[in-house]
Amino acid sequence: MSDLLASALHPRSVAIIGASDNVHRIGGRPIYYMQRHGYQGRVYPIHPERTTIQGHPSYATLADLPEVPDLALVVVGGDKAVAAVEACAARGVRSAVVIASGFGETGPAGMAQQQQMVATARAAGMRLFGPNTQGLANFGSGAIAGFSTMFIEVPPKDGPVGIVSQSGGMCSMAYGLVRGRGIGVRHVHATGNEADVSVGELAWAVAHDPEVRLLLLYLESIAHPEMLAATAAYARERDLPIIAVKAGRSAGGQKAAASHTGSLANEDRTVDAFFRHHGIWRVRDPHAQALAAQAYLKGWRPEGKRLVVISNSGASCVMGADAAEDTGLVLAELSPPTVAAVAAKLPGFATAQNPIDVTAALLSNSGLFGDVLPAVARDPAADLFFLNIPVAGAGYDVDTFARDAAAFEAATGKPVAVAAWQENVAAAFQAHGIATFANEGDAIGVLAQVAHHTALMRKPRAAWPPLPNVSLPAGAQGFLNEVQSLELLARHGIPVVPLQLCTTAEAARAAFDALGGPAVVKACSADIPHKSEHGLVALNVQTREDAGAWFERFWQKMSELGARREGVVVAALRKGRRECMVGARLDPVFGPVVVVGDGGKYVEALKDVAVLLPPFSPADVEQALRTLRMAPLLDGVRGDPPLDVAALAAIAVAVGTVIAGANGTIASIDLNPVMVGAVGEGAVVVDALVECTAPAAPDRANLP
């Protein structure tokens, strides 16, 4: 943690500019909280008309303080906030938290004021939190430079959870939900507009607190992914799970986020890819973060994803099996000795296969769970355990069930989750520390989340060899033409269709002869990147005379469009078992991004593609492809052979190295279609479009 961030999270002294005696005003809450929650540093209220505030001597200005505070909390708004930041910078304050709103989130005028504050802070070497923030709270030290009402509604308790959020409301909500489950929270920090300090940087500081064992994030944009990536890498090293909510998944949500925190929108599939790449688990909302918190804090790190379901209801066993499939878990295939051991503990009419139905015999034999669990635990196929109790209560020794489950978990370290909707039944399991949920969907969902997240955190990071030196044609602007695009790819080992660029009809006929058979004829002009939309592509050309005729037609059409006539392509006709696509683009936030999936003319409409961030391996590509709707086709259906996924994956990796090796000179690469054959037949690129990042030439390069 940098010294400046330490001054904010562990300040020796705090000044409150705009302090109040009223503990229900924003300027009064921080003083009240720090007094109540054991802050041992010095508190300096600042108010021009008061001599004491909440028992502390009050000062008229920051300049009147007996020392330079580590942290200043700016509660005043508008121009006064800007002036307060200037006073903090002049006094040498190390960190300032600007609570006031009305800045970057409101429009150009507010953004100008916000930028003025940032410039002032940076010139003085001061860190700025906010503006438009609920503030910072460290319950480990009692340093609470914030005003959240939730700290009154749900009493704080120091604990192993850290929360960092752009939104103050979501920060408080996550805190309240986690505390509501009886779990202590140490850090509760909101970054607001992130004019200076971002969620990633603050998360880095919190991740270095050795007492924090679970980190929860709420983001509306990711403006500094490199800092968040570094935090995630450090978190993996120390086995610190990060669970993130990234709002703005929809266009409407992105628009709302921009007005809320002044944030920039991120394309959602790219955000998903970023999180996966860095081992961060994404959930929909703070409820999901809190729901899984206890499971992570138990230290569950399952070796696999094989689930054992045990219930006293056959229907619950069926529903448990359904929920397992929905969440990507598999029912453990228990060995014959395990099944026999389980059967020996159950009545003859019970089911010893997984899912295990102990039946209503549980009413008369309270030790059934205690008998069955150890018998199953010895089976190496059992990674996760789910107990579903739809009915219990009077006549059932629920405390024995719970005690046996807790003893089993303690002895084996195996994750155990219980579903019990009856409050008195749930309370018995909770009293013994068992992760307990209201329904099987939540319980199995959390088991699945921890299993998948553990695998993600443990997944080896792909490593690429040194990137190629990618050079573009001299003076390249806008789009390269198709021949230039394919030649660029071929130079870097990507298989492309054989072709010739022709400038006369006779050359087109000769090219047809040289290629030896059916061909594809296409216009070639960097001014016309999308040729098919202008009727400038002829497929399955059967004769040399037709090749010459298509040349004449396309040559004339390019002239009519006012496009540069760089030639006409005659290419070999290549067919595959499936048309796929590989693309890449230079994302303004995340850098090089690669897309792979189903291709052809409907690619924009169907959007059956996956996103990957470099570096990634061929295995990563195949894993991504198997998440798509087209996944069943990869292995062959209705007698079709399996596709050569390895060849497609190799192209995707190569495209990633090309755009990464271009050092920002390539804006995008579009390979569609990539003809993929059956296993062993390979894959070949038959159409390509490379876009340069240099400014496009006026008029001509902007033709549709």
Side-chain angles (χ1 to χ4, degrees), residues 8-62 64-67 69-78 80-81 84-85 87-88 93 95-102 129-159 163 165 167-180 184-192:
L9 302 189
H10 304 280
R12 294 165 298 181
S13 54
V14 181
I16 300 91
I17 303 172
S20 172
D21 248 333
N22 187 338
V23 299
H24 294 304
R25 294 182 66 87
I26 292 176
R29 285 273 175 86
I31 302 170
Y32 171 73
Y33 288 150
M34 284 189 280
Q35 290 179 155
R36 188 171 181 178
H37 297 295
Y39 177 60
Q40 298 299 306
R42 296 168 296 283
V43 176
Y44 296 117
I46 296 177
H47 192 287
E49 300 173 358
R50 304 295 300 273
T51 57
T52 61
I53 292 179
Q54 296 188 47
H56 295 274
S58 181
Y59 299 83
T61 69
L62 192 69
D64 296 325
L65 297 185
E67 65 174 318
D70 280 345
L71 176 65
L73 182 58
V74 178
V75 179
V76 295
K80 290 183 179 179
V85 169
C88 290
V93 174
S95 297
V97 178
V98 181
I99 297 290
S101 56
F129 297 82
N132 186 31
T133 176
Q134 189 172 270
L136 313 176
N138 180 353
F139 289 104
S141 66
I144 305 167
F147 65 91
S148 174
T149 301
M150 196 60 68
F151 300 157
I152 295 175
E153 295 297 309
V154 183
K157 176 186 176 183
D158 188 15
I163 300 170
S165 167
S167 161
M170 290 301 100
C171 196
S172 291
M173 183 178 181
Y175 161 84
L177 290 167
V178 172
R179 286 291 299 116
V185 179
R186 168 162 288 198
H187 294 275
V188 188
H189 308 310
T191 58

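Residue numbers count from 1 along this sequence.
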Test item: [X] side-chain N/O and [Y] main-chain N/O as donor-acceptor pair under 3.5 Å:
X      : Y      : result
Tyr44  : Pro66  : no
Glu49  : His47  : no
Arg179 : Pro155 : yes

Between [X] and [Y], which heavy-atom pair has the shortest distance, and what is it?
X      : Y      : result
Thr133 : Val97  : CG2-CG1, 3.8 Å
Met34  : Gly142 : CG-O, 3.4 Å
Ile46  : Ala60  : CG2-O, 3.7 Å
Ala81  : Ala100 : CB-CB, 4.4 Å
Val76  : Ala84  : CG2-CB, 4.3 Å
Asp64  : Tyr59  : O-CD2, 3.6 Å

Go through the side-chain N and O atoms of Thr149 and Arg29 and say whether any donor and acceptor fall under 3.5 Å apart.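 Per modelled atom types, Thr149 and Arg29 side chains form a pair under 3.5 Å.
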
How long is the span from the [atom1] atom in [X] to the [atom2] atom in [Y], to the nearest 0.5 Å?
X      : Y      : atom1 : atom2 : result
Ile31  : Ser20  : CD1   : OG    : 7.5 Å
Ile152 : Met150 : CD1   : CE    : 11.0 Å
Tyr39  : Arg12  : OH    : CZ    : 9.5 Å
Asn22  : Gln54  : CG    : CD    : 8.5 Å
Ser165 : Met173 : OG    : CE    : 11.5 Å
Tyr32  : Ile144 : OH    : CD1   : 10.5 Å

If the threshold is 4.0 Å, N to carboxylate O, is there a salt bridge linking Glu67 and Arg42? yes

Derivation and outcome, side-chain contact (heavy atoms from CB on, under 4.5 Å), residues Ile16 and Ile53: CA-CA 11 Å; Ile16 300 91; Ile53 292 179; over 6 Å; no

Quick one: does [X]'s side chain get under 4.5 Å of [Y]'s, heavy atoms only?
X      : Y      : answer
Leu62  : Pro69  : yes
His189 : Leu9   : yes
Gln134 : Phe147 : yes

Go through the structure and list residues passing ring-ring contact (aromatic ring centres under 6.0 Å, His included) with His37, not counting sequence neighbours.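 Residues passing ring-ring contact (aromatic ring centres under 6.0 Å, His included) with His37: Phe139.
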
Can you list the steps and then say if Ser13 with Leu65 is a side-chain contact (heavy atoms from CB on, under 4.5 Å)? CA-CA 11 Å; Ser13 54; Leu65 297 185; over 6 Å; no

Go through the steps to decide whether Ile163 and His187 satisfy the test side-chain contact (heavy atoms from CB on, under 4.5 Å), and finish with yes or no. CA-CA 6 Å; Ile163 300 170; His187 294 275; over 6 Å; no

Step by step, would you call Leu73 with Val75 a side-chain contact (heavy atoms from CB on, under 4.5 Å)? CA-CA 6 Å; Leu73 182 58; Val75 179; 4.1 Å; yes

